[in-house]
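Notes follow once the structure below has been shown.
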Amino acid sequence: MNEGSIPALDSILQRRRAPEKEGLRATQVAILSSLRESGNLPASNIIDDIAAESGKTGHEMLSALHEHDYVRMDKHGKISAAYPFSIRPTRHRVELKTGVAVFAMCAIDALGIPPMVDSDATIYSSTDSGDEICVTFRQQHVSWDPPEAVVLVGTESPTGAAADVCCQHMNFFASQTIAETWAKAHPEIEGAVLDQGRAVQLGAAIFGTLLRQEGS
């Protein structure tokens with residue numbers, strides 16, 4: 001288990017901001033903003049209207065976002081994830097200061113939500129070993145319970161959609177020892193155990209500016 005950078009994860013984690021062209025970025029922002037404000041996806045007519053400005057249908061717009069892994073769609077054409085948010089329940093629940101509760105795709109996504117939405121928040125997560133992890137963001141201060149908790153980030157492949165190859169391998173653990181034990185039992189997963197500071201920093205680096213205008 002690598003304790004430095006994770007090259008296999010770099011390209012997967014860096015592609016989170018949709019390009020401005022053809023309404024992709026506007027659609028991404030509309031989806032993320034709606035989830036931030038209400039915990040729900042925007043009405044389909046909102047996406048349809050944005051897509052129409054680029055000569056596309058709403059389904060075509062979402063399919064393009066899915067193809068480039070900005071959102072995930074299920075077999076019925078419904079949005080199942082819009083990183084960092086999961087539409088379906090996961091082990092990572094984030095309660096915002098506003099009272100809105102959302103689910104995150106993985107531990108790093110959960111840690112990226114408070115800086116992305118610029119809000120105090122509390123993250124609740126369960127581990128494979130049955131431990132409960134709580135991470136609280138309050139006015140730029142982050143506290144962890146248990147105090148020894150860490151995050152393991154890993155991937156089974158350097159290519160593919162994050163939801164398919166790495167989200168299930170990016171989790172909180174109650175201690176470094178427990179995380180390393182899990183890693184040794186899963187040698188097929190390439191990754192690293194991150195301390196709290198590095199994990200918070202990574203979440204903010206990936207998602208912190210996702211709802212801001214480029215360059216701001």
Side-chain angles (χ1 to χ4, degrees), residues 13 16-18 25-50 58 62 65 70-74 78-128 130-151 153 162-163 167-168 170-174 194 196-197 199-213 216:
L13 297 180
R16 287 292 152 254
R17 189 184 187 93
R25 172 71 178 148
T27 304
Q28 181 188 40
V29 169
I31 294 169
L32 296 180
S33 296
S34 181
L35 288 165
R36 173 190 63 188
E37 297 300 326
S38 68
N40 299 310
L41 292 167
S44 58
N45 66 289
I46 293 176
I47 295 176
D48 290 339
D49 289 345
I50 296 172
L62 293 177
L65 289 170
Y70 299 113
V71 305
R72 303 312 296 160
M73 296 172 66
D74 63 21
K78 303 294 186 182
I79 299 173
S80 59
Y83 305 104
F85 299 113
S86 174
I87 310 308
R88 300 166 179 164
T90 69
R91 67 172 66 185
H92 314 289
R93 186 170 184 268
V94 184
E95 292 185 1
L96 305 180
K97 183 180 180 180
T98 59
V100 171
V102 293
F103 290 98
M105 290 295 290
C106 68
I108 294 299
D109 288 33
L111 292 170
I113 288 175
M116 184 186 78
V117 304
D118 193 24
S119 171
D120 290 348
T122 303
I123 299 167
Y124 300 95
S125 184
S126 58
T127 72
D128 288 340
D131 296 301
E132 296 294 327
I133 309 296
C134 178
V135 185
T136 304
F137 286 71
R138 292 290 183 274
Q139 298 180 351
Q140 309 303 316
H141 176 72
V142 185
S143 59
W144 295 60
D145 182 28
E148 302 82 14
V150 297
V151 174
V153 295
C167 284
Q168 64 269 37
M170 304 178 75
N171 293 305
F172 295 97
F173 286 82
L194 305 184
Q196 296 171 7
V200 169
Q201 185 179 38
L202 181 58
I206 297 170
F207 297 106
T209 62
L210 202 53
L211 283 175
R212 300 179 194 171
Q213 290 186 352
S216 64

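If you read the sequence from its start, that first residue is 1, and numbering goes on from there.
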Rounded distance [0.5 Å steps], [atom1] in [X] versus [atom2] in [Y]:
X: F173; Y: D131; atom1: CZ; atom2: CG; value: 10.0 Å
X: M116; Y: L35; atom1: CE; atom2: CG; value: 8.0 Å
X: Q201; Y: I206; atom1: CD; atom2: CD1; value: 11.0 Å
X: T27; Y: D49; atom1: OG1; atom2: CG; value: 10.5 Å
X: C106; Y: Q168; atom1: SG; atom2: CD; value: 10.0 Å
X: L202; Y: I108; atom1: CG; atom2: CD1; value: 4.5 Å

Full working for side chain to side chain contact (heavy atoms under 4.5 Å, CB included) between F172 and H92 | CA-CA 9 Å; F172 295 97; H92 314 289; 3.9 Å; yes
Given Q140, E95, H141, K97, the one that forms side-chain contact (heavy atoms from CB on, under 4.5 Å) with D120 = K97
side-chain contact (heavy atoms from CB on, under 4.5 Å) test vs F207 passes for just one of I113, D109, L32, namely D109
Where [X] and [Y] come nearest, the two heavy atoms and their spacing:
X: S119; Y: L96; value: OG-CB, 4.3 Å
X: D74; Y: S80; value: N-OG, 4.2 Å
X: V117; Y: R36; value: CG1-CG, 3.5 Å

Modelled atom types, side-chain donor and acceptor of R138 and T122, under 3.5 Å | yes
Begin from the C-alpha positions of N171 and I133 and carry the test side chain to side chain contact (heavy atoms under 4.5 Å, CB included) through to its verdict.
-> CA-CA 10 Å; N171 293 305; I133 309 296; over 6 Å; no
Got a donor-acceptor contact below 3.5 angstrom from the [X] side chain to the [Y] backbone?
X: Q196; Y: A149; answer: yes
X: Q28; Y: R16; answer: yes
X: R17; Y: T209; answer: yes
X: Y83; Y: R72; answer: no
X: S38; Y: S34; answer: yes
X: S86; Y: A81; answer: no

Side chain to side chain contact (heavy atoms under 4.5 Å, CB included) assessment of I47 paired with I31 = CA-CA 8 Å; I47 295 176; I31 294 169; 4.1 Å; yes
Would you say the side chain of V94 lies within less than 4.5 Å of the side chain of F85, judging by non-hydrogen atoms?
-> no
Is any NZ, NE, NH1 or NH2 atom of the basic residue among D118 and R212 found under 4.0 Å from an Asp or Glu carboxylate oxygen of the other?
-> no
